[in-house]
Amino acid sequence: MTAVGFLYPGHSAEDDYPRIEQLLGSDIRVDLVHTDIGEDAHRVDALLEMGSAGRLAAGVQELRHAGAEAVVWACTSGSFVYGWDGAQEQVRVLAQTAGMPASSTSFAFVHAVRELGARRVAIGATYPEDVAQLFAEFLRGDGVEVVSVNSSGIITAAEVGTWGETELLALAQNSDHPDAEALLLPDTALHTAAHIPALEKELGKPILTANQVTVWEGLRLADRRVNAPELGALFTREPIVQV
């Protein structure tokens with residue numbers, strides 16, 4: 001059994017995680033702990049507070065008791081808003097507090113883009129423009145070429161969590177760029193787990209979504225490789241593991 005822990009901010013699209021667990025196989029357990037988000041706002045000051053060490057530390061003990069082998073802060077905006085160095089420090093402190101390997105969704109995107117071998121990406125963000133641009137800057141810090149950024153201007157995760165397949169497809173179509181080798185949808189409040197193959201078929205390229213890459217990152221930290229085509233191209237690049 002491989003058990004991976006996730007610290008998820010508030011309540012929006014957390015049902016993506018049991019869905020992903022079901023698609024991964026019977027010997028993988030996804031443990032989710034909700035963190036207190038404070039103010040629900042895609043605004044820099046609120047995001048910095050959401051990702052503070054104290055708020056993350058509050059959920060760590062429960063994951064330790066559950067037997068998690070690694071932990072991922074399942075929030076993109078609450079990690080990249082710190083900048084490259086600040087996000088690294090956030091993860092370092094989380095690992096030290098948890099006593100296990102740690103990462104965040106922002107770094108999950110970086111590692112997933114590398115895994116795909118993509119050099120140029122497009123971003124379809126639910127966030128306001130200024131926050132979306134901070135994500136693009138974060139990716140550029142690892143040498144990723146961001147060819148376009150589309151912002152939906154939504155302030156709260158609660159609103160994003162109400163989006164269904166129709167809104168998700170429109171976001172993907174409006175955000176794609178012919179030069180992009182992959183499309184990134186960075187908000188963990190966005191329900192995507194059930195729709196990745198359809199999105200990839202529609203756009204004809206890999207789609208990386210926040211909850212998808214977050215779970216993939218947790219498995220990477222736990223040194224577990226799983227083939228699960230229902231979760232998109234990212235999960236077909238690993239060697240097949242018999243379960």
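Heads up: numbering here begins at 1 and tracks the sequence.
- Contact of the Asp16 side chain with the His191 side chain is registered, since non-hydrogen atoms from C-beta on lie closer than 4.5 Å.
- Aromatic ring pairs are classed by plane angle as parallel below 30°, tilted from 30° to 60° and perpendicular above 60°; the pair Phe80 and Phe138 is tilted.
- Classification of Arg140 and Asp142 as a salt-bridged pair fails, no side-chain N sitting under 4.0 Å from a carboxylate O.
- Between the side chain of Thr105 and the backbone N or O of Ala108 there is no donor-acceptor pair closer than 3.5 Å.
- Looking only at side-chain heavy atoms (C-beta outward), Leu183 and Leu185 come within less than 4.5 Å of each other.
- Glu69 contributes a side-chain N or O that, together with a main-chain N or O of Ala3, makes up a donor-acceptor pair within less than 3.5 Å.
- Between Leu171 and Ser152 there is a side-chain heavy-atom pair separated by less than 4.5 Å.
- Looking at residues two or more places apart in sequence or on another chain, you find no ring pair (Phe, Tyr, Trp, His ring centres under 6.0 Å) involving His111.
- The shortest distance between side-chain heavy atoms of Glu200 and Lys205 does not fall below 4.5 Å.
- Shown here are the side chain to side chain contact (heavy atoms under 4.5 Å, CB included) partners of Ala41, two or more places apart in sequence or in another chain: Glu39, Arg43, Ala46, Ile155.
- For the ring pair (Phe, Tyr, Trp, His ring centres under 6.0 Å) test, residues two or more places apart in sequence or in another chain that qualify with Tyr17 are Phe6, Tyr8.
- Residues satisfying the ring pair (Phe, Tyr, Trp, His ring centres under 6.0 Å) criterion with Trp163, sequence neighbours excluded, are absent altogether.
- Arg19 CZ: 12 or fewer foreign heavy atoms inside a 6.0 Å radius.
- Listed here is the closest heavy atom pair of Leu199 and Ala172: CD2-CB, 4.0 Å.
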Distance-only donor-acceptor hits, side chain of residues 48-67, under 3.5 Å, sequence neighbours excluded:
residue, atom, partner, partner atom, Å
Glu49, OE2, Arg55, NE, 2.9
Glu49, OE2, Arg55, NH2, 3.3
Ser52, OG, Glu49, O, 2.9
Arg55, NE, Glu49, O, 3.2
Arg55, NH1, Asp36, O, 3.1
Arg55, NH1, Asp36, OD2, 2.9
Arg64, NH1, Thr97, O, 2.9

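- Two residues are said to be in side-chain contact when any heavy atoms from C-beta on lie closer than 4.5 Å; Ile123 and Pro186 meet this criterion.
- In this structure, the side chains of Phe135 and Leu184 come closer than 4.5 Å at one or more pairs of heavy atoms.
- Within a 6.0 Å radius of CD in Gln22, other residues, nucleotides and ligands contribute 12 heavy atoms or fewer.
- Judged by distance alone, with hydrogens and angles left aside, the side-chain atoms of Thr192 form no donor-acceptor pair with the main-chain N or O of Thr209 at under 3.5 Å.
- With respect to Glu145 and Arg119, no salt bridge is recorded, no charged nitrogen being found less than 4.0 Å from a carboxylate O.
- Using a 4.0 Å cut-off between charged side-chain N and carboxylate O, Arg220 and Glu217 make a salt bridge.
- Between Arg224 and Ile28, the closest side-chain pair of non-hydrogen atoms falls below 4.5 Å.
- Taking 4.5 Å as the limit, every side-chain heavy atom of Phe107 sits out of range of all side-chain heavy atoms of Trp73.
- Identified under the salt bridge (Lys or Arg N to Asp or Glu O under 4.0 Å) test for residues 92-111, with sequence neighbours left out: Glu89-Arg92.
- The backbone N or O of Ala125 sits nowhere less than 3.5 Å from a side-chain atom of Ser151 that would complete a donor-acceptor pair.
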